[in-house]
Amino acid sequence: MTAWIRAVILPLSGLLLSLPAGADVKARSCGEVRQAYGAKGFSLADIPYQEIAGEHLRICPQEYTCCTTEMEDKLSQQSKLEFENLVEETSHFVRTTFVSRHKKFDEFFRELLENAEKSLNDMFVRTYGMLYMQNSEVFQDLFTELKRYYTGGNVNLEEMLNDFWARLLERMFQLINPQYHFSEDYLECVSKYTDQLKPFGDVPRKLKIQVTRAFIAARTFVQGLTVGREVANRVSKVSPTPGCIRALMKMLYCPYCRGLPTVRPCNNYCLNVMKGCLANQADLDTEWNLFIDAMLLVAERLEGPFNIESVMDPIDVKISEAIMNMQENSMQVSAKVFQGCGQPKPAPGLRSARSAPENFNTRFRPYNPEERPTTAAGTSLDRLVTDIKEKLKLSKKVWSALPYTICKDESVTAGTSNEEECWNGHSKARYLPEIMNDGLTNQINNPEVDVDITRPDTFIRQQIMALRVMTNKLKNAYNGNDVNFQDTSDESSGSGSGSGCMDDVCPTEFEFVTTEAPAADPDRREEDSSAAQLGYSLLSWSMVCVVLALQRLCR
């Protein structure tokens with residue numbers, strides 16, 4: 001009897017000793033794992049009913065397991081897809097911010113230009129009638145060039161505006177002197193007297209300053225929204241490394257293999273995995289934050305002295321003032337032109353005594369603000385910029401915050417309040433390793449992800465460079481200098497139409513390190529009545545002089 005008991009008990013005791021610690025009948029069943037695995041859409045043919053030896057596993061602990069080789073491979077791919085989706089979903093806010101605000105600003109700007117052109121055309125047709133319609137292409141070309149500049153065309157604003165006034169002078173000079181015939185050469189001579197005679201008063205000079213600054217700021221700002229949109233879209237589409245994929249599998253689905261499909265990763269464990277997988281994205285943060293700071297500063301300009309809406313809404317009135325000035329001084333202007341360019345020949349078949357008032361005596365009627373369009377695209381520039389600024393501020397530090405945002409998701413981790421009952425990579429217990437700092441170089445000792453800190457991600461570095469170039473252009477626009485957008489991938493920002501200088505030699509007003517505009521800078525719109533109102537302080541006046549000097553106007 002004793003021998004029989006010994007023969008039965010000893011094998012049973014050996015079997016018990018061979019079971020994993022904590023194992024019981026329920027733990028050996030793979031029922032829960034089969035249910036969770038099937039819910040993912042996988043075939044249950046891959047999964048055993050009970051735990052099997054795990055020597056075949058390459059990522060998960062090689063203990064008794066519910067995972068076959070096929071399961072580990074499929075769950076590894078599943079973890080990769082889920083990670084990519086998590087990053088894309090987490091960055092959804094910043095991507096939609098730039099997409100929607102770019103669309104709104106672009107819509108506003110284009111409609112603003114269309115409204116201004118339509119208003120000028122309507123009012124000039126009513127005021128000057130056929131005389132305007134016969135010369136309307138001069139004004140149409142002005143708006144065509146402004147639109148082309150805004151959309152990135154190679155337009156020198158200063159030269160384009162000079163050409164507009166020169167052409168307008170040629171046309172008006174013929175209208176106020178219908179008794180003479182003017183050859184092309186003679187009219188070319190007339191146009192050369194535009195600056196000297198100032199036939200349109202001070203309007204061209206003021207308008208040139210206002211238009212160039214406002215258009216430079218607006219175009220640069222919308223280009224900044226474009227770059228932010230493109231960078232956010234590109235960076236949110238991650239391609240995890242093999243080391244990252246292994247770490248993701250171990251964190252997300254090795255609990256399945258251990259028969260613990262409902263146990264979620266520890267929060268700190270998740271942070272180390274995500275910091276290792278998103279190390280390069282975190283390195284984008286520094287340049288991204290500088291870019292956001294630059295966008296906010298240009299936005300301040302758009303709300304203040306570079307307000308495109310306050311320039312374009314009354315542009316028809318300003319041009320009409322110039323035309324009236326030309327009419328009132330027509331005799332003096334004509335006399336000086338005749339003195340400089342020579343006496344023109346009489347027009348054949350016309351009475352020599354015919355005078356200008358008989359042909360062009362219309363005066364522009366007073367400006368009625370009630371007849372003006374209220375807003376473009378259903379908003380105003382101030383409201384639009386205020387909204388964009390609020391969203392931009394929320395997008396700062398978004399890339400270094402990705403790991404924290406992802407690991408806060410209740411569907412991903414067990415949370416910070418459940419540190420004992422979470423998956424730590426080996427079992428259901430507290431996660432002990434310290435949390436790594438942000439960025440690539442800080443992952444050298446990451447306990448969860450093998451990261452090669454000597455090989456920065458080339459794609460991310462390209463996005464960093466794109467942000468750096470855009471930031472330099474925003475700095476130029478803040479200071480009123482024109483920029484060129486033909487190659488946003490080039491490291492050097494260069495100088496575009498009308499800037500007349502390179503970044504490294506252009507004078508700047510301040511050290512560009514803060515989201516706050518200089519305290520002395522005016523933030524209210526410029527009035528047309530006085531050049532002194534271009535600034536409210538010595539600092540802002542010096543900026544205007546720099547702009548004027550660059551535009552060959554500060555003489």
Side-chain angles (χ1 to χ4, degrees), residues 149-150 152 155-159 161 205-225 227 287 289-308 310-311 381 385 389 392 467-485 488 490-526 531-555:
Y149 172 85
Y150 167 71
V155 177
N156 186 308
L157 284 176
E158 182 180 337
E159 292 179 1
L161 290 169
R205 185 189 68 82
K206 286 184 177 180
L207 199 59
K208 184 188 296 184
I209 296 171
Q210 295 166 347
V211 168
T212 53
R213 296 187 317 178
F215 269 77
I216 287 167
R219 182 174 84 160
T220 309
F221 191 72
V222 79
Q223 288 285 345
L225 291 173
V227 170
E287 206 62 52
N289 292 339
L290 290 173
F291 161 70
I292 296 298
D293 287 343
M295 288 289 291
L296 290 170
L297 282 166
V298 174
E300 295 285 348
R301 288 294 206 220
L302 288 172
E303 289 179 315
F306 296 2
N307 189 303
I308 189 73
S310 66
V311 172
L381 183 67
V385 171
K389 283 169 58 181
L392 288 176
L467 290 171
R468 188 170 299 159
V469 169
M470 191 65 239
T471 299
N472 286 335
K473 292 174 179 178
L474 289 162
K475 289 164 63 176
N476 269 345
Y478 178 88
N479 289 320
N481 300 331
D482 209 351
V483 288
N484 193 321
F485 292 102
T488 56
D490 190 6
E491 181 176 4
S492 64
S493 62
S495 61
S497 57
S499 69
C501 60
M502 297 299 288
D503 287 341
D504 56 348
V505 296
C506 273
T508 55
E509 295 178 65
F510 65 104
E511 287 295 321
F512 196 79
V513 294
T514 173
T515 58
E516 298 299 325
D521 179 63
D523 61 359
R524 294 270 55 89
R525 298 180 182 176
E526 178 182 15
Q533 290 175 315
L534 290 170
Y536 296 93
S537 67
L538 180 60
L539 179 62
S540 60
W541 174 245
S542 66
M543 180 276 290
V544 173
C545 283
V546 169
V547 175
L548 293 176
L550 293 174
Q551 297 176 334
R552 303 192 300 279
L553 292 170
C554 193
R555 295 187 174 93

Interatomic distance, CD@Gln223 vs CG@Leu474, rounded to 0.5 Å, equals 10.0 Å
Those residues that, when tested against Val311, pass side chain to side chain contact (heavy atoms under 4.5 Å, CB included) (two or more places apart) = Gln210, Val211, Ala214
Test side-chain contact (heavy atoms from CB on, under 4.5 Å) applied to Met295 and Leu225, step by step | CA-CA 8 Å; Met295 288 289 291; Leu225 291 173; 3.7 Å; yes
Reported CD1-to-OH distance for the pair Ile308 and Tyr150, which is rounded to 0.5 angstrom = 10.0 Å
Hey, are the side chains of Asn307 and Leu381 touching, using non-hydrogen atoms and a 4.5 Å cut-off?
-> yes
Are Leu467 and Val227 side-chain neighbours, meaning at least one heavy-atom pair lies under 4.5 Å?
-> yes
Phe306 six-ring centre to Arg213 NZ/CZ under 6.0 Å and within 45° of normal | no
Starting at CG of Leu157, measure out to OH of Tyr149 and round the result to the nearest 0.5 Å.
-> 4.5 Å
Measuring from Thr471:OG1 to Ile292:CD1, what's the distance to the nearest 0.5 Å?
-> 9.0 Å
Inter-residue atom distance Arg301.CZ - Ile216.CD1, 0.5 Å rounding | 12.0 Å
Indicate yes or no: at least one non-hydrogen side-chain atom of Leu296 is less than 4.5 angstrom from one of Glu300.
-> no
For Phe291 against Met470, the heavy-atom pair lying closest together | CE1-CG, 3.8 Å
Smallest separation among heavy atoms of Ala217 and Ala477, with atom names = CA-CB, 4.4 Å
Lys389 NZ to Leu297 CG distance, which is reported to the nearest 0.5 Å | 9.5 Å
